Amino acid sequence: MEISKILFNLKSGSEVEIRSPKESDVEKVISYLFKTAGETEFIYRYPEECYIYTPEKEMLLFKKINESETEAMLLCLKDNEVIGDCRISWNKRIKTKGSVAKF
């Protein structure tokens with residue numbers, strides 16, 4: 001599912017953009033994946049494992065998710081640089097499609 005651009009102002013006054021990925025984001029996303037893989041031990045990959053991320057594979061992923069009815073991917077960009085990402089999925093099963101999580 002493709003999500004249109006949403007703009008937010010941070011407490012610092014900086015503006016960030018949240019939206020679905022597009023073709024022009026491929027290199028920025030790959031760079032972000034390498035960078036974040038080396039920042040903490042709590043990410044599920046190491047930088048040396050990021051060789052699997054190629055522009056071609058990422059474009060296929062963007063296309064698949066943007067065309068999906070049950071998935072969405074969001075990028076957070078500041079000054080045209082990826083500073084965050086998120087992938088969301090849900091199901092359309094009859095039994096759970098109207099369910100709401102309660103905490």
Side-chain angles (χ1 to χ4, degrees):
M1 174 177 289
E2 198 160 350
I3 308 297
S4 301
K5 175 172 68 172
I6 302 167
L7 299 175
F8 286 95
N9 288 315
L10 303 176
K11 290 181 183 180
S12 66
S14 299
E15 186 176 75
V16 296
E17 177 181 338
I18 296 177
R19 60 169 168 73
S20 292
K22 49 190 177 183
E23 188 173 339
S24 61
D25 296 320
V26 170
E27 294 298 333
K28 292 180 269 195
V29 168
I30 292 172
S31 175
Y32 168 79
L33 293 171
F34 272 91
K35 179 181 177 190
T36 57
E39 289 181 337
T40 177
E41 293 294 314
F42 299 105
I43 300 283
Y44 67 91
R45 66 186 168 271
Y46 292 106
E48 56 270 18
E49 296 174 302
C50 291
Y51 68 89
I52 64 171
Y53 304 111
T54 66
E56 296 79 20
K57 286 181 183 178
E58 289 303 294
M59 276 305 304
L60 289 173
L61 177 66
F62 293 174
K63 181 175 174 26
K64 176 185 165 267
I65 292 173
N66 286 343
E67 292 176 356
S68 173
E69 292 182 16
T70 58
E71 287 185 283
M73 182 175 183
L74 298 172
L75 298 180
C76 182
L77 298 104
K78 180 180 173 207
D79 300 325
N80 205 30
E81 179 184 338
V82 177
I83 61 169
D85 73 317
C86 161
R87 187 169 169 183
I88 305 162
S89 64
W90 55 94
N91 68 61
K92 296 173 97 176
R93 294 184 191 118
I94 294 170
K95 192 171 191 174
T96 59
K97 71 178 180 181
S99 300
V100 176
K102 295 179 182 178
F103 298 95

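In this text, all values refer to a predicted model and were calculated from it rather than measured experimentally.
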query = Of the non-hydrogen atoms in Y51 and F34, which two are nearest, and what is the gap between them?
reply = N-CZ, 4.1 Å

note = Sorted by chain and number, sequence neighbours left out, side-chain hydrogen bond (donor to acceptor under 3.5 Å, both in side chains) with Y53 holds for none

request  = State whether the side chain of N66 and the backbone N or O of P21 hold a donor-acceptor pair below 3.5 Å, judged by distance alone.
outcome  = yes

ask   = Shared ILVMFWY cluster between V82 and L7, side chains joined below 4.5 angstrom?
value = no

note = The side chain to side chain contact (heavy atoms under 4.5 Å, CB included) partners of E69 (sequence neighbours excluded) come to K92

key: Nearest-0.5 Å distance, OH of residue Y32 to SG of residue C76   = 8.5 Å

K28: partners by side-chain hydrogen bond (donor to acceptor under 3.5 Å, both in side chains), with sequence neighbours left out = D25, N80

request  = Taking the side chain as every heavy atom from C-beta outward, state whether E56 and V26 have any atom pair closer than 4.5 Å.
outcome  = no

Stepwise side chain to side chain contact (heavy atoms under 4.5 Å, CB included) test for L75 and E17 = CA-CA 8 Å; L75 298 180; E17 177 181 338; over 6 Å; no

message = Just to verify, what does E48 make a salt bridge (charged side-chain N to carboxylate O under 4.0 Å, His left out) with, not counting sequence neighbours?
response = none

note = Sorted by chain and number, sequence neighbours left out, side chain to side chain contact (heavy atoms under 4.5 Å, CB included) with L60 holds for none

ask   = Can you list the residues that meet the side chain to side chain contact (heavy atoms under 4.5 Å, CB included) rule with K57, with sequence neighbours excluded?
value = T54

request  = Given side chain to side chain contact (heavy atoms under 4.5 Å, CB included), test M73 with F62 step by step and report yes or no.
outcome  = CA-CA 8 Å; M73 182 175 183; F62 293 174; 4.2 Å; yes

Salt bridge (Lys or Arg N to Asp or Glu O under 4.0 Å) pairs, two or more places apart, involving residues 73-84 = none

ask   = Can you name the side-chain hydrogen bond (donor to acceptor under 3.5 Å, both in side chains) partners of E71, sequence neighbours left out?
value = K64, R87

key: Residue pairs involving residues 2-13 (criterion side chain to side chain donor-acceptor pair (under 3.5 Å); sequence neighbours excluded)   = S12-S14

key: Contacts of type salt bridge (charged side-chain N to carboxylate O under 4.0 Å, His left out), residue E23, not counting sequence neighbours   = none

task = Starting from L74, walk the hydrophobic network (Ile, Leu, Val, Met, Phe, Trp, Tyr; side-chain heavy atoms closer than 4.5 Å) and list everyone else you reach, by chain and number.
result = M1, I3, I6, F8, L10, V16, I18, I83, I88, W90

